[in-house]
Amino acid sequence: MPSTDLLVSCEHLVKVYDSPTGRVQAVRGVDLELPRGVKAAVVGPSGSGKSSLLRMVAGLDRPTAGLVTIAGTDLSALRPGRRARVRAELLTHVYQRPAANLLAHLTAYQQLDRIARPRRDRTVVVGDVLERLGLGHRVDHVPAALSGGEQQRLAFARAAVADHRLVIADEPTAQLDPDSAAAVLDTIDYLAERGTTVLIATHDHRVLGRLDEIVTLRDGAVASIVRGGTELAVIDRSGRLQLPPHVLEHFPERSARLDWDGESLSVDPP
Ligand code: ADP
């Protein structure tokens, strides 16, 4: 991957919350790199740190330690006003509840027109995007007159007209029927083809097969990465190798014999 193609970089990201019942280590040293135009999902059981990770990548929450950069910018280092402006230039955030992403009193056309990057042909661009996403017959409808799936497509479409480089979405298909979820995935494909990176947290197995990269979190750490259909074990910056759960169960002693023959490494129970 050429370094110029790197959009999101997380370096040893840590998030600790101080709560009345004690300290919670929600994210424990996550390293993650996403190039331009990649469709990635963060999966893992409830409480594994997905939302905490997404909030830090989106610049909504400051890491306790470590660094997130988007297109080389560390959002957490910016003053609040500047951070809000840079976020508005860089990224679209899509929430699980479709209505939460849109302004109730604006039509589909107006939702996009108000954020379209100013350019002479912006009328054409907004109309084209709506047409391309199958919403051409919905331009004059307010969110309440749209289905949940149409609202979510519109929420993602904001990234196309605003020319955003990144979309972050928390469980975007959780409330949708299969057809609507598939249409949202078509919208995600459209954005990725335009070079937008899409990072979603999801429990929805219907969507995983259509994404490029699936990052599984367990207890706040990356347990495995599936890239292009191949499962990869993660080696952190200290050289620690993380085995996926179905392999780990063959190592009850929690130790391993390593044999490196110069080309390949075998990891066996002792
Ligand atoms: P997920 O999105 O995978 O369900 P979260 O990132 O929401 O995981 O939560 C990870 C852990 O951090 C959980 O134990 C959760 O209870 C805790 N947590 C999340 N947000 C806060 C907060 N604001 N204050 C205290 N603990 C939190």
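All figures in this text were calculated on a predicted structure; none of them were measured in a lab. Numbering of ligands and ligand atoms starts at 1, following listing order. We use all heavy atoms of the structure for the numbers below, so side chains are in, but hydrogens, waters and symmetry mates are not.
- Residue P45 places a heavy atom less than 4.0 Å from ligand 1.
- Between K39 and D189, at least one side-chain nitrogen of the basic residue sits less than 4.0 Å from a carboxylate oxygen of the acidic one, meeting the salt-bridge criterion.
- Below 3.5 Å of separation, one finds an N or O of K50 facing an N or O of ligand 1.
- Summarising the local packing, CZ of R97 is surrounded by 12 or fewer heavy atoms from other residues, nucleotides or ligands at distances under 6.0 Å.
- Using a 4.0 Å cutoff on heavy atoms, S48 counts as a contact of ligand 1.
- Linking ILVMFWY residues whenever their side-chain heavy atoms come closer than 4.5 Å, directly or via other members, leaves V14 and V68 in distinct clusters.
- Of the N or O atoms in A26, none lie within a sub-3.5 Å distance of an N or O in ligand 1.
- Contacts between A201 and ligand 1 below 4.0 angstrom, taking non-hydrogen atoms only, are absent altogether.
- Atom 10 (C) of ligand 1 has G47 O, 3.4 Å as its closest protein atom, hydrogens excluded (heavy atom only).
- Among D204, V226, T216, the one residue that satisfies the side-chain contact (heavy atoms from CB on, under 4.5 Å) test with V43 is T216.
- For ligand 1 and V24, the ligand atoms under 4.0 Å from any heavy atom of the residue are 12 (O), 14 (O), 17 (C).
- Annotation for R158: atom CZ counts as buried by contact number, over 12 foreign heavy atoms lying within 6.0 Å.
- The structure places OG of S51 at 10.0 Å from CG of L217, a figure rounded to the nearest 0.5 Å.
- Counting the atoms of ligand 1 from 1 in the order shown, those under 4.0 Å from a heavy atom of S46 are 4 (O).
- Relative to atom 2 (O) of ligand 1, the option among S52, P20, S51 with the closest non-hydrogen atom is S51.
- Considering only non-hydrogen protein atoms, atom 25 (C) of ligand 1 sits nearest to Y17 CB, 3.4 Å.
- There is a protein heavy atom less than 4.0 angstrom from atom 17 (C) of ligand 1.
- A side-chain N or O of Q152 and one of N101 form a donor-acceptor pair less than 3.5 Å apart.
- For G49, a nitrogen or oxygen atom sits less than 3.5 Å from a nitrogen or oxygen atom of ligand 1, counting backbone and side chain alike.
- Clustering ILVMFWY residues whenever any of their side-chain heavy atoms sit less than 4.5 angstrom apart, transitively, puts W260 in a cluster other than the one holding L232.
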